Amino acid sequence: METHCKEYDFRQIEPKWQTFWAENNTFRAEQASNRPKYYALDMFPYPSGAGLHLGHCENYGITDIMARYKRAQGFNVLYPIGWDAFGLPTENYAVKTGRHPVDVTKENIATFTRQLKQLGVSYDFSREFSTTDPEYFRWTQWIWLQLFKKGLAYVEDKPVWWCAALGTVLANEEVIDGKSEVGGHPVERRPLRQWVLRITAYADRLLEDLKELDWPDSTKRMQAAWIGRSVGSEVEFDLEGNLTDRLKIFTTRVDTIYGATYMVIAPEHVLAQKLTTPPQQAAVNAYTRAAAGKSDLERTELAKEKTGVFTGSFAINPATGRRIPIWMADYVLASYGTGAIMAVPAHDERDFEFAQKFGLPCPQVIAPAEGTAVELPFCDKGGDVVLMNSADCNGLTPGAATAKLDQRFMAEGRGKSTVQFKLRDWLFSRQRYWGEPFPIAWVSEFDYRNAVASHQLSVPEVPVTAMIEGVLRYALPVPETALPLRLPDVSSYEPTGTGESPLAKITDWLEIWYEPGTGDAVPASEPKPAEHWIRARRETNTMPQWAGSCWYYLRFADPGNSDALASKMALEYWGTPDIYVGGAEHAVLHLLYARFWHKVLFDLGVVPTDEPFTKLFHQGIILGEDGEKMSKSRGNVANPDEIIRSYGADTLRLYLMFLGPLDAMKPWNPRGIEGVHRFLQKIWRECVDTEGQPNAKITPDSEDSTEVVRLLNETIRKVGEDIANLRYNTAISQMMIFANRIQKSEQVSRKTMLTFLQVLAPFAPHICEELWERLGEKQALASALWPVYDAQILKTNESKLVFQVNGKHRGDQLLPNDITQDAALEEAMKHPKVAAQLEGKAIKRVIFVPGKILNLVVG
RNA sequence: GCCCAGGUGGCGGAAUUGGCAGACGCAGUAGACUCAAAAUCUACCGCCGCAAGGCUUGUGGGUUCGAUUCCCACCCUGGGCACCA
């Protein structure tokens with residue numbers, strides 16, 4: 001396509017170069033190369049029907065500029081894109097419209113792709129894939145099977161949100177203030193059979209390895225807090241009148257045990273019924289029932305006021321030998337520690353509040369070493385404190401007492417030092433259609449044992465079992481050669497009404513005759529194909545959306561591979577992303593889940609490193625004009641399509657990067673965009689005259705002034721450094737300064753102009769390609785190498801010395817770098833403003849910082 | 001409540017091994033060009049003051065010859081966590 005426009009007509013220029021790049025495969029990464037690699041990655045987008053928003057544009061702009069810069073530096077750059085396309089919104093839309101999710105997904109991807117191309121993002125589209133492609137989810141299922149075989153996947157009944165009116169299970173984000181997001185119907189917690197991944201087995205490594213990562217500190221801190229490691233002790237308390245059981249608690253402050261005056265168990269504690277005495281039965285039952293009806297959210301919301309009930313039984317404090325009452329209260333969580341605590345009201349705010357309400361004693365056992373009286377509860381945070389009222393631990397520090405007591409309880413066989421995590425195992429199933437099916441066949445124990453033995457199937461050490469429709473079933477893995485296990489084609493995605501996935505209704509898919517060695521299946525309604533085929537039932541749950549995004553960065557290294565998730569060679573060469581850019585909202589879940597899978601793959605020898613994302617960056621949120629979050633209801637949404645139509649993609653990209661620091665939250669100012677658009681117009685006019693021909697001021701043989709040469713070199717240096725450090729806003733300022741200077745020159749050398757276009761190109765690639773071509777270059781700018789600045793030119797032997805009197809700026813002067821203090825002082829005295837300040841005063845002191853300041857202290 | 005990040009002109013922001021506060025851009029003012037307007041160009045553009053000068057980086061203290069930058073206390077905004085024993 002030829003363009004001869006005289007004006008800066010981005011509507012012609014941008015499509016021209018987008019087509020050129022696509023036709024020439026300009027951004028295709030070389031699969032095998034001697035060049036060093038650079039892998040840039042954006043967080044996996046969900047192709048929603050709404051299309052790209054400004055946040056996407058900012059995100060991809062940041063990475064695209066980096067990718068283009070690295071290409072210019074000679075790196076073999078992998079900069080891919082794909083689609084995280086399974087998930088709820090598409091499924092809900094399909095239910096509503098009766099269309100197939102596959103078709104809806106295709107359409108949404110087409111919209112996104114068109115928009116991305118209009119933005120001029122330099123993706124290698126030849127590597128594009130979607131998590132919904134059977135050739136992709138084949139490997140998602142394969143990885144899941146490895147987790148399953150390692151014993152990292154198990155089945156458990158877990159409470160999920162159930163909406164009776166909608167007849168379906170809802171995700172957390174679909175429940176707002178205890179009502180369904182759609183329709184505002186009441187919801188309740190209902191236990192359903194779920195797959196759970198044992199991420200807690202990796203808790204220590206996930207925490208420990210955070211330290212090495214080049215991530216924003218706040219993100220690392222959030223993950224660390226989420227994992228929540230705490231060191232403490234387990235202690236078993238004897239029970240009065242019960243010699244078979246003991247009550248095990250976890251505490252981080254075993255040193256306070258002499259102050260433990262009661263125990264608390266969670267309502268769901270396994271010993272709850274046993275510990276309840278007949279007179280307390282009614283009260284305890286009422287309390288348990290009330291607690292069960294509350295969601296976790298309600299429990300914490302209503303947590304302002306402590307509630308609880310006495311069980312009627314007593315434990316023996318192993319330190320004091322005294323009997324202490326056992327209470328039940330929902331401020332103790334069943335899911336953390338052992339679900340039971342020893343309460344030390346004098347030194348724990350929660351226990352104190354509870355003890356106050358129920359009139360339980362509060363003996364002080366910790367005091368400041370100084371001996372000053374304190375108010376209870378006294379919760380020391382590592383200050384200088386010692387124990388009191390603690391028998392032979394009196395006078396010890398908490399550390400010393402903890403060591404002593406741990407040892408003592410260990411010797412008694414009732415305790416030990418231990419570690420607890422806040423991190424819970426990962427609920428890894430959804431009762432939905434539009435997700436990856438689990439490659440599992442539920443069979444009888446007999447068939448399971450037979451199949452495993454006769455086909456040498458690799459299975460977990462402890463078989464995974466579940467009660468399904470009243471029958472105990474065993475989870476038999478589908479052979480890897482039978483993957484992918486596809487979703488059945490169905491005509492309706494309506495919920496079943498029972499909480500199960502719509503798959504539960506597809507009887508011919510669900511109930512099968514199954515060949516365990518090959519994974520072949522036929523509907524159970526048909527005759528049994530051969531004697532060794534067995535009756536099986538498929539898993540109706542599907543995987544959550546996280547599954548596909550847990551490993552996609554590996555697939556980009558070798559997306560067409562049909563023998564493995566990616567070849568060894570590709571994984572060795574491309575490794576993991578050198579930069580990963582996306583929103584901070586994924587700080588915990590996605591980034592933690594992906595790290596977990598990556599570590600499992602590392603342990604299996606599939607990947608060569610143990611961390612997926614070594615360098616991470618979060619772009620800041622673009623707020624609406626009014627400084628509020630952009631939202632349709634506020635009517636403050638800026639639409640990228642419209643902006644591109646009126647100003648072009650180059651202007652949009654440049655402006656997004658110019659708004660401020662990339663990681664800061666910034667309001668969108670629709671008038672500010674004029675400024676960067678004017679800047680591009682100015683560049684256009686400097687290069688091209690009103691006839692569209694090269695500007696006559698650009699001459700091949702003219703010499704630029706030393707000032708212009710220095711500014712150009714300074715610009716090359718600063719833009720390069722600023723890109724590398726993700727400070728794009730100041731890089732753009734520098735280019736504006738340079739453009740303003742060039743505009744004032746009567747002549748500019750062609751070389752200078754071309755060099756400037758090169759440094760601007762990563763930010764505004766279309767206009768730069770066009771001008772580069774108009775100035776007579778034959779090779780595309782996208783394949784030109786980054787200019788090298790001359791450090792010698794940047795050195796000067798004179799610099800501005802600032803004169804201060806009593807620390808206040810009074811003047812300045814250009815002086816040799818090596819000027820002596822005396823000579824500088826002499827110059828300063830000659831300066832009229834300085835002289836005026838010195839009038840009638842004596843110089844008491846002189847501070848001289850060569851090349852910077854000369855400060856005269858006068859009295 | 002706890003943890004973190006941040007408060008700089010009318011606006012977005014720049015400057016920190018402690019050394020000219022306000023780069024660059026928006027908005028604004030005046031002028032040039034034009035029949036006129038747009039576009040473009042030139043100059044000005046933190047506050048007070050005619051000026052000299054004084055004041056000024058959320059507030060109040062401190063360290064220093066010198067503080068947007070370091071220390072202490074407080075206020076505000078945003079984000080995260082929230083009975084995790």
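The sequence lines fix the lettering, A, B, ..., with proteins before strands; numbering per chain opens at 1. All values reported here derive from a predicted model rather than from experimental measurement.
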Cationic N near anionic O, under 4.0 Å, A:Glu674 to A:Arg671: no
Quiz question: by atom type and distance under 3.5 Å, do the side chains of A:Tyr331 and A:Asp351 form a donor-acceptor pair? yes
Applying salt bridge (Lys or Arg N to Asp or Glu O under 4.0 Å) to A:Glu714 and not counting sequence neighbours gives A:Arg717
Heavy atoms only, 4.0 Å cut-off, all strands: where does A:Arg229 land among base, sugar-phosphate and nothing? nothing
Using a heavy-atom cut-off of 4.0 Å across all strands, would you classify A:Asp217 as base, sugar-phosphate, or nothing? nothing
Can you list every side-chain hydrogen bond (donor to acceptor under 3.5 Å, both in side chains) pair that touches residues 651-665 of chain A, not counting sequence neighbours? A:Asp64-A:Arg653, A:Thr651-A:His677
Of the listed B:A5, B:A85, B:C65, the closest approach to the A:Val332 side chain comes from B:A85
By nearest atom, which of the nucleotides B:C83, B:G53, B:G54 is closest to the A:Tyr331 side chain? B:C83
Report the residues that fulfil salt bridge (Lys or Arg N to Asp or Glu O under 4.0 Å) with A:Arg246, sequence neighbours left out, ordered by chain and then residue number. A:Glu236, A:Asp238
Are A:Glu58 and A:Lys666 within salt-bridge range, i.e. N to O under 4.0 Å? yes
base_contact_polar (B:C20 base, A:Lys800 side chain, donor-acceptor, <3.5 Å): yes
Got a second to check how far A:Gln681's CD is from A:Glu7's CD, nearest 0.5 Å? 7.5 Å
RNA chain B: stems of at least 3 consecutive Watson-Crick or G-U pairs whose donor-acceptor distances fall under 3.5 Å: B:1-7 with B:75-81, B:10-12 with B:24-26, B:28-32 with B:40-44, B:46-48 with B:53-55, B:58-62 with B:70-74
Between the base of B:G19 and the side chain of A:Gln804, is one N or O donor paired with an acceptor at under 3.5 angstrom? yes
So what does A:Ile847 hit on the nucleic acid, given a heavy-atom distance under 4.0 Å: a base, only sugar-phosphate, or nothing? base
Which part of the nucleic acid, if any, lies within contact of A:Glu349, taking any heavy atom under 4.0 Å across all strands shown: a base, the sugar-phosphate backbone alone, or nothing? nothing
What string of B, S and - do you get for nucleotides 11-16 of chain B, 5' to 3', if B is base contact, S is sugar-phosphate-only contact and - is no contact with any protein heavy atom under 4.0 Å? -BSS--
Pick base, sugar-phosphate or nothing for A:Ser230, based on heavy-atom distances below 4.0 Å to the nucleic acid. sugar-phosphate
I'd like to check the salt bridge (Lys or Arg N to Asp or Glu O under 4.0 Å) partners of A:Arg710; sequence neighbours left out, ordered by chain and number. none
So does A:Lys697 pair up with A:Glu746, basic N to acidic O under 4.0 Å? no
